[in-house]
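Below is one structure, written out as structure tokens; the observations come after it.
One-based numbering, in listed order, for ligands and for the atoms of each. One is the number of the first residue; the rest follow in order along the sequence. None of these values were measured; they are calculated from a predicted model.
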Amino acid sequence: MRKPFIIANWKMNKNVQESVEFAKAMQNAVPLGEDVGIAAQALSLYSMRAAIGDSPLRIIAQNAGSQPAGAQTGEISIESLADAGVSHVLLGHLERRLLFHESNEEIGKKVATALQFGVTPIICTDEEKIQVTIDGEQHYFFHQLTSILQGLSPKQMRRIIISYEPRFAVGAKQAASPKVAETTCWQIRQSIADHFGKKVADEVRILYGGSVTPQNIYGIVSQPNVDGALIGRASLDIQSFLQMVNCFQTAKRQKLAAI
Ligand code: 13P
């Protein structure tokens, strides 16, 4: 079974001290063997990692530059992130695309650099699919993902995590329904299978993001093709985040029981 992953995306919230305190409070609450992470502002990442030592809590960056080093004023080097103990990086988040006009080409370069330095890319995608019929079979084409992932080997693809974050749900009042989240995650998996083979597609984790709350998380993450969640506003409060980590564990146990 794919290992579920639950991630807090704090966006541009919490100062260094608040981030460190939250991480310290979380480190003992993360059940052993679970993938739980926090994507905090870049300024806080090093201090968070230093404060929690080798705790399995994942410390995640929200963005990075496309080059390991060099003339990219204002960007954050993936090599430096790796050096600071960052294990994953969000790439191509909807807000990066809308507010900072990030292109698929640029995101693709960032993915390649992250892989080069052993930082796992979590590629966010908000797009609608195109449905095509080939030899009587339905196939799904996701333009953003196809352009970002082209050129990767199946071995590299296995290391990628995808997060489906529909724009109607990010920062909105309502999440996608569990059915919509499941259907789209399944279709993304089919499109990965078309490009990289079924075995790789079965291994890749596909998360959902957009207005996830303690009230709706269970319905979403208990879907067979939804391997976890990326949570914005509802992750800023520690009790709310812990409640979602617990729901997510229950969903995982039920999925295991169903195998
Ligand atoms: P909200 O949970 O606040 O809608 O944000 C979702 C998000 O952007 C996850 O990356």
Side-chain angles (χ1 to χ4, degrees), residues 4-14 18-19 22 26 35-42 44-45 48 57-64 76 81 86-102 104 107 110-111 114 119-128 142 144-145 148 160-178 180-182 184-185 188 204-221 223 226-248 251:
F5 203 175
I6 183 166
I7 301 171
N9 176 9
W10 286 346
K11 309 190 179 186
M12 205 170 65
N13 293 294
K14 294 196 189 290
E18 289 163 345
S19 306
F22 194 118
M26 274 302 295
D35 256 347
V36 179
I38 298 175
Q41 296 197 73
S44 305
L45 299 171
M48 289 167 77
L57 180 64
R58 312 280 188 182
I59 300 299
I60 300 174
Q62 298 176 6
N63 181 36
I76 301 145
L81 289 172
V86 166
S87 55
H88 297 71
V89 59
L90 305 184
L91 294 174
H93 188 278
L94 174 65
E95 287 147 16
R96 301 289 321 162
R97 290 175 184 273
L98 290 182
L99 303 174
F100 304 99
H101 312 292
E102 275 190 17
N104 293 325
I107 298 162
K110 293 179 179 196
V111 169
V119 177
T120 303
I122 302 171
I123 303 172
C124 305
T125 177
D126 68 296
E127 72 180 338
E128 298 289 319
F142 291 84
Q144 287 177 353
L145 285 177
I148 293 168
I160 303 277
I161 297 173
I162 309 278
S163 186
Y164 166 56
E165 309 201 359
R167 68 174 69 189
F168 66 81
V170 172
K173 287 206 175 100
Q174 214 174 350
S177 67
V180 166
E182 165 62 16
T184 312
C185 289
I188 290 174
V204 170
R205 292 189 282 181
I206 305 176
L207 319 180
Y208 166 83
S211 296
V212 173
T213 63
Q215 288 71 40
N216 64 24
I217 188 168
Y218 180 81
I220 295 171
V221 297
Q223 299 301 312
V226 182
D227 304 316
L230 202 54
I231 305 158
R233 288 156 296 169
S235 71
L236 292 168
D237 175 77
I238 192 154
Q239 291 313 326
S240 160
F241 190 52
L242 281 174
Q243 210 180 329
M244 290 186 283
V245 171
N246 287 335
C247 290
F248 153 88

(request) Could you list which atoms of ligand 1 come closer than 4.0 Å to a heavy atom of E165? (result) 7 (C), 8 (O), 9 (C), 10 (O)

When the side chains of residues 237-245 are checked against the rest of the protein, which donor-acceptor pairs come out under 3.5 Å, sequence neighbours left out?
unit_1	atom_1	unit_2	atom_2	d
D237	OD2	Q239	N	3.2
D237	OD2	S240	N	2.9
S240	OG	A234	O	2.5

(message) The criterion is salt bridge (charged side-chain N to carboxylate O under 4.0 Å, His left out); which residues satisfy it with E95, sequence neighbours excluded?
(response) K11

(request) Might you point out which heavy atoms bring S211 and N216 nearest each other, and give the distance in Å? (result) O-ND2, 2.9 Å

(request) Would you mind telling me which of L145, L90, I161 makes a side-chain contact (heavy atoms from CB on, under 4.5 Å) with I123? (result) L145

(message) So is G209 touching ligand 1 or not, going by heavy atoms under 4.0 Å?
(response) no

(request) Just jot down the ligand 1 atoms closer than 4.0 angstrom to any heavy atom of R233, in number order. (result) 1 (P), 2 (O), 3 (O), 4 (O)

(message) Applying a heavy-atom cut-off of 4.0 Å, say which part of V170 lies close to ligand 1: side chain, backbone, both or neither.
(response) both

(request) Could you tell me whether E95 and ligand 1 have an N or O pair separated by under 3.5 Å? (result) no

(request) Kindly say whether A172 contributes a backbone atom to a donor-acceptor pair with the side chain of R233 at under 3.5 angstrom? (result) yes

(request) Among all protein heavy atoms, pick the one closest to atom 2 (O) of ligand 1 and tell me residue, atom and distance. (result) G232 N, 2.9 Å

(message) Using every non-hydrogen atom in the two residues, find where W10 and A40 come nearest and quote the distance to one decimal.
(response) CE3-CB, 3.7 Å

(request) Evaluate side chain to side chain donor-acceptor pair (under 3.5 Å) for Q62 paired with H93, printing each intermediate quantity in order. (result) CA-CA 8 Å; Q62 298 176 6; H93 188 278; over 6 Å; no

(message) Any atom of ligand 1 sitting under 4.0 Å from a heavy atom of A169?
(response) yes

(request) Any atoms of ligand 1 less than 4.0 Å from a non-hydrogen atom of G171? List them with their elements. (result) 1 (P), 4 (O)

(request) Say whether S211 and ligand 1 are in contact under the criterion: heavy-atom distance to a ligand atom below 4.0 Å. (result) yes

(request) List every atom of ligand 1 that sits less than 4.0 Å from any heavy atom of K11, numbering the atoms from 1 in the order shown and giving each element. (result) 5 (O), 6 (C), 7 (C), 8 (O)

